[in-house]
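Heads up, the thing below is written out as structure tokens.
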Amino acid sequence: MTQRQVRVRIAPSPTGYVHVGTARTAIFNYLYARHYGGKFLVRIENTDRKRSDPALIEPILEAMKWLGLNWDEEIVYQADRLETYSRYAQQILADGHGYRCFCPPELLQKDRDEAQAQKRTPHYNRRCLNLSQEQIDSRLADGKPYTIRIRIPEGEPRFDDLVSGELTRRSEDIEDFIIARSDGSATYNLAVVVDDHEMGITDVIRGNDHITNTFKQIQIYRALGFEIPRFAHVPLILRPDKKKVSKRLGDKDVMAYREEGILPEAMFNYLCLLGWSSKDDREFYTVPELIDIFKAENFNPSNAIFDEEKLVAINREHIVRKTDHELAAIVAPLLVEAGLTSRYWLETRWDYLRAVVGLLKERVRRLQDFVTLSGYFFAFDYRYDAKAVAKQFTVEKADLLEELADRFEGQAGFTHQNVEATLSALAEEKGVKRAELIHPVRLAVSGIPAGPSLYEMLVVLSQPVVVERMHRAVDYIRSPGGS
RNA sequence: GACCCCAUCGUCCAGUGGCCUAGGACGGCGCCCUUUCACGGCGCAAACACGGGUUCGACUCCCGUUGGGGUCACCA
């Protein structure tokens, strides 16, 4: 490591979307910067005008914010820097590291097709490399459009990658690629190098799908006399079918996971488990913990398949470890959105919400589960589960329920202990197993056969509500076709 | 096809020459706990791709094969 302060960046191309691969790369850059006390920057790669639509940029920043990836300094927009790139392109041309190429696109395409047909590498054949000054001047005089290509010198470019060690490629395998289009605008690789240089980027952490770009970019660094940063080509995140995740293949935007009830810290945590490892058996981490232990040496070289099941499992853990109060704040809007209750109702009954959330959190995997599991805590018009009715709501049970409801009604302190004692006492008197009472009561007050510990649930629902619901169940059982 | 990268359970990760009869997690299966559903606990099945070397000794080092992935635009 040099003495320089670490400066890294995430450089998304505006696609209106962020997939887990980009999110993970952003997270790695963020952790790297925070761990080494450096800066984490954002640069929007919109040299292509089509990609300058704010509607394509905003969702990316939104996803970054959701994950808590707060960046330092101003966001750099490449669209604002087009003249700068062109200037550097001209410099490369003037310094003799590049040359004008007058080949029309159709000709180049034809070359590529032929190479393909002959199973050769489709590289530019340097047709315009050795044009004489007269030839160049005459074409220029004719107003012929031209691109600027960089001339790849002989040699065997190599660099030390933080993930894979030394990487090499022969110069012959790198074509004289275009650095400036015929309209004078710079292409991707030039813009990236110029920006990384001018932004003072010390470490380029990106997906290993960029390795071929890195070899090209090193040529530009050299042509421009820039210092070459350190590179870390992290493994890709693959789909279950082993292709790299992409919008085109329909992979989810990270924000879709928020809609599916994934906590941002869970996504953050899980993504760190792919392509990086703390080298021990721990898997649950908070962001501060990750910042603390994140080391570049712990990158992993092989690609990883994204496993949504494991994400959900990690999500569950993060949910469980939140306080009831924190969870209540997160769940409240979801309940309102689902129409189960209103904001006002919840605001005046925060303790109730907190108790409900606390009762349910052990059986929740995604935040939405709170909604699907808690309906009866907020609504009285729930239906009884048909299968459970057949099993629990028999006529004999109506008498038991009625008796128990009356005793509950007269219960002095409606606590877990008292409620349990009352139920047990009745069971004993009637000579039935406690379960004979427990199950019908649960069905009566919640409508479903599964849920939290019965006594705790009854206490949270409150005495009058429980009594009312039990009477209603008795009426239901006794009504024609009720059982 | 060319070039580059990668290679331990189905998946993610540990293992850095002997501690490995290969460890953890998710998922699967079974048992226990239990009023239900979960949680939790215990246990089981499950992998070093293959072939050569190097070495007293290879999951660990080297080479090759195979397999997988990525990149091959006047897109980024």
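Just so it is clear: chains get the letters A, B, ... in the order the sequence lines come, proteins before strands, and each one is counted from 1.
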Within the structure, does a side-chain N or O atom of [X] lie under 4.0 Å from either OP1 or OP2 of [N]?
X: A:Arg434; N: B:U35; value: yes
X: A:Lys243; N: B:G69; value: yes
X: A:Thr121; N: B:C72; value: no
X: A:Asn46; N: B:A76; value: no
X: A:Arg239; N: B:U11; value: no
X: A:Asn298; N: B:C13; value: no

Inset, instruction - Could you list by number each residue of residues 360-370 of chain A showing a heavy-atom separation from RNA chain B of less than 4.0 Å, or answer none if no residue does? - result: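 Within residues 360-370 of chain A, the residues near RNA chain B are A:Glu362, A:Arg363, A:Arg365.
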
Inset, instruction - Identify, residue by residue, the members of residues 269-287 of chain A with a heavy atom below 4.0 Å from RNA chain B, and return them in order of residue number, or none. - result: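 Contacts with RNA chain B under 4.0 Å: A:Leu273, A:Leu274, A:Gly275, A:Ser277, A:Lys279, A:Asp281, A:Glu283.
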
How far does [atom1] of [X] sit from [atom2] of [Y], to the nearest 0.5 angstrom?
X: A:Thr422; Y: A:Leu437; atom1: OG1; atom2: CG; result: 11.0 Å
X: A:Leu263; Y: A:Arg316; atom1: CG; atom2: CZ; result: 12.5 Å
X: A:Lys244; Y: A:Ile305; atom1: NZ; atom2: CD1; result: 16.0 Å
X: A:Trp71; Y: A:Ile10; atom1: CH2; atom2: CD1; result: 12.0 Å
X: A:Ile92; Y: A:Arg151; atom1: CD1; atom2: CZ; result: 11.5 Å
X: A:Gln217; Y: A:His197; atom1: CD; atom2: NE2; result: 14.0 Å

Legend entry - A:Lys295: side chain to side chain contact (heavy atoms under 4.5 Å, CB included) partners, not counting sequence neighbours: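 For A:Lys295, the residues satisfying side chain to side chain contact (heavy atoms under 4.5 Å, CB included) (neighbours in sequence not counted) are A:His35, A:Tyr36, A:Glu297, A:Asn298.
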
Inset, instruction - Can you sort out the partners of A:Glu172 under side chain to side chain contact (heavy atoms under 4.5 Å, CB included), two or more places apart, ordered by chain and number? - result: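 Applying side chain to side chain contact (heavy atoms under 4.5 Å, CB included) to A:Glu172 gives A:Arg170.
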
Nearest of [options] to any side-chain atom of [X]?
X: A:Arg316; options: B:G40, B:A76, B:A73; value: B:G40
X: A:His439; options: B:G69, B:A76, B:U35; value: B:U35
X: A:Gln78; options: B:A76, B:G69, B:U36; value: B:A76

Legend entry - Stepwise salt bridge (Lys or Arg N to Asp or Glu O under 4.0 Å) check, A:Asp196 with A:Arg43: CA-CA 10 Å; A:Asp196 282 341; A:Arg43 180 173 74 228; 2.7 Å; yes

Inset, instruction - Would you check if the side chain of A:Ser164 reaches a backbone N or O of A:Asp161 as a donor-acceptor pair within less than 3.5 Å? - result: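 Judged by distance alone, no pair lies under 3.5 Å.
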
Legend entry - Side chains of A:Arg206 and A:Thr214, donor plus acceptor under 3.5 Å: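 Yes, side-chain donor-acceptor contact under 3.5 Å.
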
Inset, instruction - State, without any angle test, whether A:Gln118 and A:Arg120 hold a side-chain donor-acceptor pair at a distance under 3.5 Å. - result: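 Distance-only check passes for A:Gln118 and A:Arg120.
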
Inset, instruction - Determine the interatomic distance between P on B:A25 and the same-named atom on B:C63; round to the nearest Å. - result: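 Each nucleotide's P atom is 35 Å from the other's.
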
Inset, instruction - Determine the interatomic distance between C1' on B:C5 and the same-named atom on B:C32; round to the nearest Å. - result: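 Per the computed distance, 48 Å lies between those C1' atoms.
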
Legend entry - A:Thr323 versus A:Glu326, closest heavy-atom pair with distance: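 Heavy atoms only, the tightest pair is N-OE1, 2.8 Å.
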
Inset, instruction - Answer whether the closest heavy-atom distance between the side chains of A:Arg24 and A:Phe306 falls below 4.5 Å. - result: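 They are not in side-chain contact.
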
Pairwise N/O distances under 3.5 Å, protein to nucleotides 4-6 of chain B:
| residue | atom | partner | partner atom | Å |
| --- | --- | --- | --- | --- |
| B:C6 | OP1 | A:Ser164 | OG | 3.4 |

Do [X] and [N] have a side chain to base donor-acceptor pair shorter than 3.5 Å?
X: A:Arg442; N: B:U35; answer: yes
X: A:Ser182; N: B:C74; answer: yes
X: A:Ser453; N: B:U35; answer: yes

Inset, instruction - Classify the glycosidic conformation of B:C19 as syn or anti, calling it syn when the angle lies within 90° of 0. - result: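 Base orientation: anti.
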
Legend entry - A:Tyr146 or A:Leu311, whichever maps to the more 5' nucleotide of RNA chain B: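 The residue mapped nearer the 5' terminus is A:Leu311.
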
Which atoms of nucleotides 42-46 of chain B (N or O only) lie under 3.5 Å from a protein N or O atom, and what are those distances?
none

